[in-house]
There are 2 protein chains.
Amino acid sequence: MTDTSQQRGTGADLKRAILDEARRTLVEQGYPALSTRKIASAVGCTATSIYLYFKSKDALVHALIDEGFEELNGRLEEAVAAEGTGLERLQRGARAFVDFGLERPAYYEIMFLLRPERMERYPAEAYRRARRSLEAFAELASVPAAEGLRRATIVMTALHGLVALLIAQRVDASLDRKTLIEEAIHFACAATFAPRSGDGAS
Amino acid sequence: MTDTSQQRGTGADLKRAILDEARRTLVEQGYPALSTRKIASAVGCTATSIYLYFKSKDALVHALIDEGFEELNGRLEEAVAAEGTGLERLQRGARAFVDFGLERPAYYEIMFLLRPERMERYPAEAYRRARRSLEAFAELASVPAAEGLRRATIVMTALHGLVALLIAQRVDASLDRKTLIEEAIHFACAATFAPRSGDGAS
DNA sequence: CGGGTAGGTTGACACTGTAAACTGGTGACG
DNA sequence: CGTCACCAGTTTACAGTGTCAACCTACCCG
């Protein structure tokens with residue numbers, strides 16, 4: 001009965017509590033509502049205490065981004081791993097990516113939507129982890145490795161655009177979401193398997 | 001010789017000066033650097049004077065967004081208007097869209113990258129104007145009108161994803177930018193002209 | 001001359017992230 | 001046992017943000 005109804009540990013416990021509260025705020029109220037003072041008061045410490053465990057607010061957000069990529073990578077690997085043709089596996093991966101974005105828009109925002117200059121650069125080491133999903137896609141492409149990365153990037157950009165505009169509610173509401181997503185995934189993935197410069201109409 | 005080396009008009013002139021300075025700051029230093037006090041001091045008035053002409057900072061940004069869409073729409077219409085097949089015209093439009101985003105990343109950011117809940121909703125009337133480009137794309141699609149909007153949306157999302165990730169510098173630096181863009185546009189536009197559910201290989 | 005009003009300013013409030021200095025408690029060592 | 005150092009956290013403060021309420025001032029009109 002030492003703590004006064006505040007969840008409040010010390011040391012590593014406090015760090016965890018801060019991270020938990022930050023994640024909660026992020027998920028429930030979005031990135032803009034993420035403030036050091038709010039986190040601190042919810043967790044029962046002062047705002048400056050956060051700086052004992054995170055170099056800056058950005059560093060805290062980086063930690064959340066890491067969490068996000070961990071979950072995303074997990075989902076993607078699972079989706080891609082199962083049996084099926086390359087195209088099928090790619091499509092499952094694409095669906096997993098889109099689902100992640102739509103289910104966790106706040107995570108998606110901090111992972112993909114924050115401009116880097118506002119974000120005091122996400123460290124390159126972690127960046128590489130963020131690219132694992134891209135590489136998973138590249139391996140599935142049915143083109144030479146040199147082009148595989150490009151094709152995979154194209155798929156990623158297409159999926160990202162889909163998720164980003166859906167999250168931002170900038171897609172015409174009259175469109176059926178499910179059909180749109182299915183078709184967008186279909187075309188995006190097909191591109192990865194298309195021959196070099198097939199200009200032909202039928 | 002009434003003004004003291006500050007560009008400083010009164011009334012509508014001041015409003016224009018504020019808008020000009022806001023645009024300059026946006027273009028040169030990006031959205032995060034856009035602050036009412038900075039604009040005010042650069043333009044030679046107080047921060048609160050901005051509120052005489054704009055309901056809020058968001059309203060000021062809305063005005064810039066309007067400018068952005070005006071330019072974008074102009075470019076798109078020009079690109080799409082000239083002669084050529086539907087596919088060619090669509091591709092020119094797509095290129096124009098991507099070029100706009102890469103040449104004016106700050107404009108692109110406020111137009112497409114700001115989440116709506118952070119943005120006190122861009123008014124619906126202006127929103128419609130923002131959709132003109134989409135409709136221009138839809139008209140070019142070689143599918144029934146009902147599907148045209150969806151196909152156009154898919155192209156838009158693909159292009160948006162491309163621009164967004166390029167701007168955010170989240171595209172592998174080893175890739176040749178020009179080739180990536182060309183190929184992405186190629187595939188995106190091809191989708192609009194593909195038959196219904198062409199699953200076929202070759 | 002009197003007064004209303006458009007156009008701007010002053011000052012304040014409630015926030016934000018963050019740095020420097022301070023404090024209370026706990027363990028180690030002479 | 002006494003003292004010293006260290007560590008976790010707090011206090012205080014600074015510079016910045018958007019925005020509102022009150023004030024002030026110069027001009028025009030009757």
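Side chains included, hydrogens not; waters and symmetry mates left out as well; all remaining heavy atoms used. Order of the sequence lines sets the chain letters (A, B, ...), proteins ahead of strands, with each chain counted from 1.
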Rounded to whole angstroms, how far apart are CG on B/L52 and P on C/dT9? 9 Å
Expressed as a whole number of angstroms, how long is the span from B/I50:CD1 to C/dT10:C1'? 16 Å
Specify the closest pair of heavy atoms between A/R92 and A/E83, including all atoms of both residues, with the distance to one decimal. NH2-O, 3.1 Å
What is the distance, rounded to the nearest whole Å, between atom CG of A/D58 and atom C1' of C/dG17? 10 Å
Is there a donor-acceptor pair closer than 3.5 Å between any side-chain N or O of A/R151 and the backbone N or O of A/F193? no
What is the distance, rounded to the nearest whole Å, between atom OH of B/Y51 and atom P of C/dT10? 17 Å
Whole angstrom is fine here: how far is it from CZ in B/F54 over to P in C/dG8? 13 Å
At under 4.0 Å between heavy atoms, what does A/Y53 touch on the DNA or RNA strands: base, sugar-phosphate, or nothing? sugar-phosphate
Specify the closest pair of heavy atoms between B/V163 and B/G101, including all atoms of both residues, with the distance to one decimal. CG1-CA, 3.8 Å
Side-chain contact check for A/A47: nearest option of C/dT18, C/dT16, D/dT11 is C/dT18
Tell me: CG of B/L14 to C1' of C/dA6, nearest whole Å? 13 Å
Looking across every strand, which nucleic acid part, if any, lies under 4.0 Å from B/L34 by heavy atom: base, sugar-phosphate, or nothing? sugar-phosphate
Which part of the nucleic acid does A/K55 contact within heavy-atom distance under 4.0 Å: base, sugar-phosphate only, or nothing? nothing
Strictly below 4.0 Å: does A/S49 bring a side-chain N or O up to OP1 or OP2 of D/dG9? no
Figure out the CD1/P separation between A/I39 and C/dT18, and round it to whole Å. 11 Å
Check: B/T48 side chain, C/dT10 base, donor-acceptor under 3.5 Å: yes
Whether B/T36 contacts D/dG18 is assessed here as follows: a side-chain N or O lying under 4.0 Å from the phosphate OP1 or OP2. Is that the case? yes
Hey, is B/D20 close enough to B/R23 for a salt bridge, meaning N to O under 4.0 Å? yes
Closest non-hydrogen atoms of B/V80 and B/R89, given as atom of the first, atom of the second and distance, are O-NE, 2.7 Å
Considering the terminal five base pairs at each end of the helix from C/dC1-D/dG30 to C/dG30-D/dC1, what angle separates the two local helix axes, rounded to 10°? 30°
Taking it one step at a time, do B/E67 and B/R104 satisfy salt bridge (Lys or Arg N to Asp or Glu O under 4.0 Å)? CA-CA 12 Å; B/E67 285 187 6; B/R104 305 237 185 287; over 6 Å; no
Heavy-atom nearest pair, B/C45 first then B/L14, reads SG-CD1, 4.2 Å
Ring centroids only, cut at 6.0 angstrom: are B/F69 and B/Y107 within range, meaning strictly under it? no
B/K15 has an atom NZ; how far is it from atom P of C/dG7, in whole Å? 12 Å
So what does B/S35 touch, heavy atoms closer than 4.0 Å: a base, only the sugar-phosphate, or nothing? sugar-phosphate
Is a donor-acceptor pair below 3.5 Å formed from side chain A/R37 to base C/dG17, judging by atom type as modelled? yes
Might you list the N or O atoms of the protein lying below 3.5 Å from N or O atoms in nucleotides 24-27 of chain C, with each pair's distance?
none

CG (A/L19) and CZ (A/F54) are apart, to the nearest 0.5 Å, by 4.5 Å
Side chains of B/D172 and B/S174: donor-acceptor distance under 3.5 Å anywhere? yes
